[in-house]
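Worksheet for the structure shown next.
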Amino acid sequence: MTASGRAGEPSAWPPLRGELRGIEPYGAPQLDVPVQLNVNENPYGPSDACIADIAAAAAEAAATLNRYPDREFVALRADLASYLSGDAGAGVTIAPEQVWAANGSNEVMLQLLQAFGGPGRTAVSFAPTYSMYPEYARDTNTRWVAGRRAEDFALDLDAARDLVKTEQPSVILLPSPNNPTGTALPPEAVRTLCEAAGDEGIVVVDEAYGEFRRTGVPSALELLPSYRNLVVTRTMSKAFAGAGLRLGYLAADPAICDAIRVVRLPYHLSAVTQAVARAALRHAPELLGKVDELRGERDALVGWLRAEGYDVADSDANFVLFGRFADRHAVWQGLLDQGVLIRETGPDGWLRVSVGTATEMAAFRTALNEVTAVNGERA
Ligand SMILES: *Cc1c(COP(=O)(O)O)cnc(C)c1O
């Protein structure tokens, strides 16, 4: 069989789009080691009562699996709206028609790029930023432009506004708290970018780690009534202890939800996913019950790392970026050799560790001290 190349592309098999050839699929190593602190999961699983309720909800959904699920997932949208209204700050109510959901917030954001990006359009973010964003842009043929964050990983608002004015993006992607740095955006930054984008662009504030923000740090949900081009995404994967569930969602103007309905696959949210997500939401107080403890562990970890002499980025998330190392890979490998898996990501010389249980954090501290004592890795 021959694979004849498209104009300008060498022939190859399979006949993949030229820009996808040779690219490794995204993903952190999934290794079965005792201490897994690499993908920002909540270390606490559900209680027996919660497991039983989820199982009963799945069984009920199974009784009608011969039928397609509710394409508009009306009941789930109402439950998510009421959960968000409780986290949105005084006086802000989120209505069900302002909510959209998909299989993880990664799918929500891909749908946003499918609807609002595309050929001839531009998506902008500010590096260091979430490594999946350029992939959504590539997959939807959207031009990708990354500005820079300041030295302390905050946004330089004047530079950000200038970049938006120059590039005229139709989508701006802003993780807050940012992954991999943990930096939350002040409301002023969101306001500035919503105003700079105007009616030509949407501003997506990705609050995957929103529930971990420190006391006094507001959610961008509070700004929804002020900006119709603002989209706030959330997920059940992190604080909600539901990474295996695959449920992400957004809150925005109802017109934005309606636009996504044009590009979504029919019945993209299975009946089982909808039922299980609703059951999990009924257990929100339990599933979110460890968030305060994890925030405490995070703040203690930041303090400990600083006392040890490391550079540490302020964190409003359930992970901490620290460094700097002359050879970060050697430190990452040294920790792994001791059964502690963290993430080799972020700017050169930095490493990212997720916040786990008190026992896991103690194991991390011990392992890090041993690794750096042995090979004197600190730059
Ligand atoms: C983990 C993460 C998500 C969540 O992805 P899901 O698809 O909902 O599991 C989204 N954005 C950022 C920045 C993340 O780190």
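Start at 1 and go down the list; that is how both ligands and their atoms are numbered.
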Quick one: nearest non-hydrogen protein atom to atom 13 (C) of ligand 1, plus distance?
D206 OD2, 3.2 Å
Are D53 and R282 ion-paired here, with the side-chain N under 4.0 Å from a carboxylate O?
yes
Examine T235 against ligand 1 and note whether any of their N/O atoms are separated by less than 3.5 Å.
yes
Within the structure, is a non-hydrogen atom of N40 found at a distance of less than 4.0 Å from ligand 1?
no
Flag for Y249-R77: side-chain donor and acceptor within less than 3.5 Å
no
Would A208 count as a contact residue for ligand 1, given that I'm defining contact as a non-hydrogen atom of the residue lying under 4.0 Å from a ligand atom?
yes
Atom 14 (C) of ligand 1 - nearest protein heavy atom and its distance:
K238 NZ, 3.3 Å
Closest approach of W332 and E344, non-hydrogen atoms and distance?
CD1-N, 3.8 Å
Ion pair check, R365 and E308, cut-off under 4.0 Å
no
Derivation of the ring pair (Phe, Tyr, Trp, His ring centres under 6.0 Å) call for H268 and F73:
CA-CA 10 Å; H268 69 291; F73 46 100; 5.7 Å; yes
Under a 4.5 Å cut-off applied to non-hydrogen side-chain atoms, are N40 and R352 in contact?
yes
Here the atoms of ligand 1 under 4.0 Å from any heavy atom belonging to S237 are 6 (P), 8 (O), 9 (O)
Quick check: does R246 get an N/O under 3.5 Å from an N/O on ligand 1?
yes
Would you say N103 and ligand 1 have an N/O pair spaced under 3.5 Å apart?
no
At under 4.0 Å between heavy atoms, which part of N106 makes contact with ligand 1: side chain, backbone, both or neither?
both
Close N or O approach (E107, ligand 1; < 3.5 Å)
no
N or O contact, S105 vs ligand 1, cut-off under 3.5 Å
yes
Between the side chains of E167 and R143, is the shortest nitrogen-to-carboxylate-oxygen separation below 4.0 Å, so that they form an ion pair?
yes
Less than 4.0 Å between a side-chain N and a carboxylate O, is that true for D206 and R234?
no
